[in-house]
Amino acid sequence: MPDVRWYILRSDLRTPSLRLSTELAMVRRALLRGRPGFFAVTILLLKVIFLVFSAKAQGSLSPSNATSGGVHREGYCSMYGICAQRSDGKLLNCASGSLSTKPDDLLSSKIQSLCPTITGNVCCSAAQFETLRDQVQQAVPLLVGCPACLRNFLNLFCELSCSPNQSLFINVTSTKQINNTMAVNGIDYFITNTYGEKFYNSCKDVKFGSMNTRVMDFIGASAQNFGDFLAFLGRQAALNTPGSPYKIDFQTNAPLSSGMKPINSTVYSCGDSLLGCSCGDCSSSSTCSDSAPLALLEKDSCKVAMGSARVKCVDFSLAFLYITAISALLLWGFLFRKRERGPVSEPEPFCKDNGDNELLSGCKQQNSNRPMHMSKRFLFLKVLQPAIVQDFMARIFRKYGAFVSRKPTLVLSLSLAVPILLCIGLIRFRVETKPEKLWVGHGSKAAEEKRFFDYHLAPFYRIEQLVLATVPVSKNAMAPRIVTDQNMKLLFEIQKKVDTLHANYSGSMVSLEDICLKPLADDCATQSVLQYFKMNQKRYDDYGGVQHAEYCFEHFSSEETCRSAFQAPLDPGTVLGGFSGSNYSDASAFIITYPVNNEAGDTGNQNGKAVAWERAFIRLVKEELVPLVEPQNLTLSFSSESSIQDELERESSADVVTILVSIYFSTTEAFLVPAALILSILTSGLTFLDQVSYLVMFAYISFAVGDSPHWPSFLVTSKVLLGLSGVFVVILSVLGSIGFYSAIGVKSTLIIMEVGVDNMCILVHAVKRQTTDISLEGKISNALVEVGPSITLASLSEVLAFAVGSFIPMPAVRIFSMFAALAVFLNFILQVTAFVALIIFDIWRTNDNRIDCFPCVKLAPSVGSERAILQRKPEFLVRYMEDFHAPMLAIPGVKIMVIAAFTAATFMSIALCTRLQPGLDQKIVLPRDSYLQGYFDDLAHYLRVGPPLYFVVKDFNYSLESNQTNKICSISQCDSNSLLNEITKASLIPESSFIAKPAASWLDDFLVWLSPEAFGCCRKFVNGSYCPPNDQFPCCQPNEGPCGIGGACKDCTTCFHQSDLYEGRPSTAQFKEKLPWFLKASPSANCAKGGSGTYSSSIDLTGFDSGMIQASSFRTYHKPLSGQMDYVNAMKAARDFSSRVSDSLKIQIFPYSVYYIFFEQYLNIWKTAWTLIAIGLGAVFIICLVITCSLWTSAMILLVLAMIVLDMMGVMAILKIQLNAISVVNLVMSIGIAVEFCVHITHAFLVSSGDRGSRAKAALCTMGASVFSGITLTKLVGVIVLSFAKSKVFVVYYFQMYLALVLIGFLHGLVFLPVLLSICGPPSRLVAEEKPEDQPTVSAENN
């Protein structure tokens, strides 16, 4: 609409008379009265002659700096009438020192209706008042919600226009001659400081609802005090520029000799009991004094003062506990060393294999050279007494080992048949890519709210965006301003290319015009600085170029020429970037946004057209627009709604050499769904670096399961073929899992599943440890008995840990858990069936001296004898464990250091856990070379607007009896704790509420629109139909002169009189009748409160006639959000705020923003993480308890696993890895993987003989090498492959986290756990058994 300030001033300024005309009139009146003295008449005539000569001397157009010379006393005017106009058509008042005149009764009543403080004589004519009334109606809708501000505003200009004592506070300081008429060119308006301060205070907080800001931003240029406010109101407008036609200087001190005095009329406070404003418009209102904002305030965390430092309570408590624990440990160490000096314990007896209770072959080897301890009548032997479950498993594994040794081909065929059949389901393989179905569980609050919003109101539009920015001349220099003539013309050229862009969709050509959002008319709602020129380059020069744009930065809401092509005001903060405060002219970036229509479903035809155009748009920018702007020393970043998905799909193709990925990323946030590693092995197109990394991995696997390399026997002893067979088993297990779930219709999330070959290495090493003098059947049976229970325990722990995760509501985690549990289970089954059969085949090949990978080639027998000699030599890792690692950990001082260090790490990790931040940085997920990297950088740097926030009210009962209207609205007479008042108060504390602005309220604007005081808005014809404002059709016909003067709408009247309403509120019937009128009314200069376009999608009128509005929304904005935690905290604050207001008002209210559905997971991510971790740990504990039947053993494994998980979270905090679904899944996997580092050592400890120290050493000697080479190094090599990924997300969330897991698991399993077992490990399963002296010896029994 046109500039309110100008129209108000224009209407308030009366037409002045020339001083010459004034004096002549005085002479004429004196002569007509017949009573003037000769002296008086003479004086008047001399004054006339003097004025005539003075006028000739001044020139026809030169301004005068002298005062009017009029009489400054009561009853006199300084200006009167309209007698001239400027060259641009702006009307000018006549300078006049005449007496005020008495209006007729009709004019008097009209003046009283608008200016009740003015009675009796006036200084304005009827025509002048009508102009005043017609023009102030533009300000009334803006201020009517706060009656005190409106009354003060009207009084200011009523006094200026019509006060009978005008000459007392108005002094004409400058005039100029136009067409032989002296017109006013400048005045002084004298007011008191108190008047100005009270006037400003009454208006400074009044909201401008539809623009989510304050009215002061428009009528006072965001003035911070009354001086700036009045100075802005009084500035003189240049030609063809909206504003006052002459300068008004507001002065506070009148010259003593002039007889003038400042106006000091009544100024109403916004907290006035009769004209009081709402809490949202007046924070000092008495009704608001007891109402505190409901926004959630930040609470300071608990801290302990230690001198000048303040330490978190958590950190202080952990430090205290650690010091206490270490003190106890040192005391134990002292007592232990004192006891160690006592008598030496008896030598350890050796072990016995009785055939029924299975012994570890390592235990036999350990005690084979020790003498038997005998009494006089009895021989004391150590007999293994395993738990019932372990004994049962040992018997099963021994029998199974014998069976598979005899029939390996049958076992291999049957075991492979099952997963191969499951793979048939891969023909139905589908990947779930919709983020709401990946990260939002069934019954999710955010999902339900999104569906409600999309169905009842409208889906949020798609966004295509450009950011054109200047480049600083140096690193530390400020960027040049972007608002220049050259850059504006360049932007027009860019826009022309975008407008002419066409994309092919199903044989038809699609342009931006076909898909763009058009809220008001036929023009796209493009958000661009070019809208100040109606997106038309021809108007650029007509409107004044850059100067017009800069003017519109301050008058975008009020000036008609600044309104956009789609007939809505355009906030410069949404189209400019890189400015501070309100200094829009200093902006260093243009932000161009193309809103595009969206459909709720992905299958809609409209969305298909949009996607086709978006991809053509991206090609256009890359190929034409970027080369166009770069020579101008500008940068251009860009994005479309489908850009993120397209970029991540491109990255998935690039990273398929490392990990096949399917990633979906939506609007403001990333969502990762990486696929199984094993599928990438089957792809082609590997880079040289990738080929090397995979060759290294396969080479190590082959080396790990083979013997020490020694030519030429290595050709036979290597296990390359067996290692590749193991990899194939892993592939088959994963594919079988995917095939099964695909067959039953479960879409895959393709999260990486860590299904490794470590158990295969354990099996191979167990077979290799068997002596060469026993049969193949004995080797396989003994190996399965030795490691079968621990492998089963580790695998079942992983399966159960993953399986219980399937009860978590988050789909990505739940589906991953289902897939992973089945894959691990299938892998375990194939390891103990197919892979054992493959081991047997490999032994046959080795025994027959056949070359690895080429079994058809057979070597000479001499190689076989050399191989037999080499096999009797212990491996390097075994020697390391026996000679260095185990003895080192047996030193008491080392034990204390180990316990102290690992305990310290755990306590530090607990403290660091509190610093973990939820979220997933979108830049990490995107390809490193993606154009979106620069786009997100520019958004963070330039964008000054936060995400839109809607407060949605469900089932609003608009009946007068319900009083819900007053519980929601925020204008005068609304409840002080109403929804909109609370939003306004919350916007005053954005640091904690995250709400930046008052809400745009259709309800407030509707109540103002139908108010009789807004006489230019709700109007009706004589027949009762809707009558638009005077500046709209049919009241205003194009090219037919001034609008609203006569014509079709001359008989229109306001919809209601004040007496028709009930305390300012419409009845139920009035509300029902007039709301559709309001939603169809277009905003214009005469009434800015029309709801068409602005609120078209804010109300669902379905079932409206029943007295209930099912859904309505009130739009505001979050403050600019800079990081993941800001998004999470903003959502949490909005939900807390809505919950409190809903409970207070007994109305259903919920907040909605487009990003909420993606960030809801982070509100409960800690709960989800701890739940999953607790379930995983609990599952492992139960499995251990069932298999070992030892609470002691299970508790120790649980303790070590908990320490590993806590250390993992501590490493995440140090590396600044955020807590999200990916990292939670990794933490869950870490439990299952960490089990393997613990159970093998613990099981070996249980079945070893001797005291705790010697048993811990025996466990390390027996299983330490296997755990290190078969678990640690195999996982380490596999993890290193992830470091070559091109996407940073794989490096951060997989390489870094898995590397940390492998290292932490290794240290806990091979360093901390043996020390812990040596100190407080469970008792051995080997117990002393008395045998008669004549009972056969162990050797005799076995032989």
Taking the six-membered ring for Trp, are Trp844 and Phe841 parallel (under 30°), tilted (30 to 60°) or perpendicular (over 60°)?
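Plane angle over 60°, so perpendicular.
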Is the Tyr1294 ring parallel, tilted or perpendicular to the Tyr1298 ring (thresholds 30°, 60°)?
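Taking Tyr1298 first and then Tyr1294, their aromatic rings stand perpendicular (interplane angle over 60°).
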Within-4.5 Å side-chain heavy-atom neighbours: [X] and [Y]:
{"X": "Ser405", "Y": "Ile840", "result": "yes"}
{"X": "Glu786", "Y": "Val1247", "result": "no"}
{"X": "Val764", "Y": "Lys768", "result": "yes"}
{"X": "Leu1301", "Y": "Ile1204", "result": "yes"}
{"X": "Cys1238", "Y": "Leu1201", "result": "yes"}
{"X": "Tyr400", "Y": "Val411", "result": "yes"}
{"X": "Phe835", "Y": "Leu722", "result": "yes"}
{"X": "His1240", "Y": "Ile762", "result": "yes"}

Please check if the side chain of [X] supplies one atom and the backbone of [Y] the other of a donor-acceptor pair under 3.5 Å.
{"X": "Tyr741", "Y": "Leu822", "answer": "no"}
{"X": "His885", "Y": "Gly1264", "answer": "no"}
{"X": "Ser795", "Y": "Thr792", "answer": "no"}
{"X": "Ser733", "Y": "Val730", "answer": "yes"}
{"X": "Arg398", "Y": "Ser781", "answer": "no"}
{"X": "Ser1230", "Y": "Leu1227", "answer": "yes"}

Distance (rounded to the nearest 0.5 Å) between [X] [atom1] and [Y] [atom2]:
{"X": "Asn847", "Y": "Arg845", "atom1": "CG", "atom2": "CZ", "value": "9.5 Å"}
{"X": "Glu798", "Y": "Met1229", "atom1": "CD", "atom2": "CE", "value": "10.0 Å"}
{"X": "Gln831", "Y": "Leu838", "atom1": "CD", "atom2": "CG", "value": "11.5 Å"}
{"X": "His1243", "Y": "Ser1248", "atom1": "NE2", "atom2": "OG", "value": "10.0 Å"}
{"X": "Asp773", "Y": "Lys779", "atom1": "CG", "atom2": "NZ", "value": "8.5 Å"}
{"X": "Ser790", "Y": "Leu1246", "atom1": "OG", "atom2": "CG", "value": "11.0 Å"}

Dump the intermediate steps for side chain to side chain contact (heavy atoms under 4.5 Å, CB included) on Glu1236 and Ile791, then the final yes or no.
CA-CA 8 Å; Glu1236 302 178 18; Ile791 288 178; over 6 Å; no
Applying side chain to side chain contact (heavy atoms under 4.5 Å, CB included) to Phe1245 and Leu1313, what does each step give before you reach the verdict?
CA-CA 10 Å; Phe1245 178 84; Leu1313 181 59; over 6 Å; no
How about CZ on Phe1295, more than 12 heavy atoms from neighbouring residues, nucleotides or ligands closer than 6.0 Å, or not?
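Enclosed.
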Using the side chain to side chain contact (heavy atoms under 4.5 Å, CB included) rule, take Val404 and Thr833 through it: C-alpha gap first, then chi angles, then the decisive distance, then the call.
CA-CA 8 Å; Val404 72; Thr833 55; over 6 Å; no
Could you report the tightest heavy-atom contact between Pro408 and Ala837, atom names first, then the distance?
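Closest heavy-atom pair between Pro408 and Ala837: O-CB, 3.5 Å.
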Show, in sequence, the C-alpha distance, side-chain angles and deciding distance for Val787 and Arg769, and conclude whether the side chain to side chain contact (heavy atoms under 4.5 Å, CB included) test is met.
CA-CA 11 Å; Val787 299; Arg769 280 196 299 269; 4.0 Å; yes
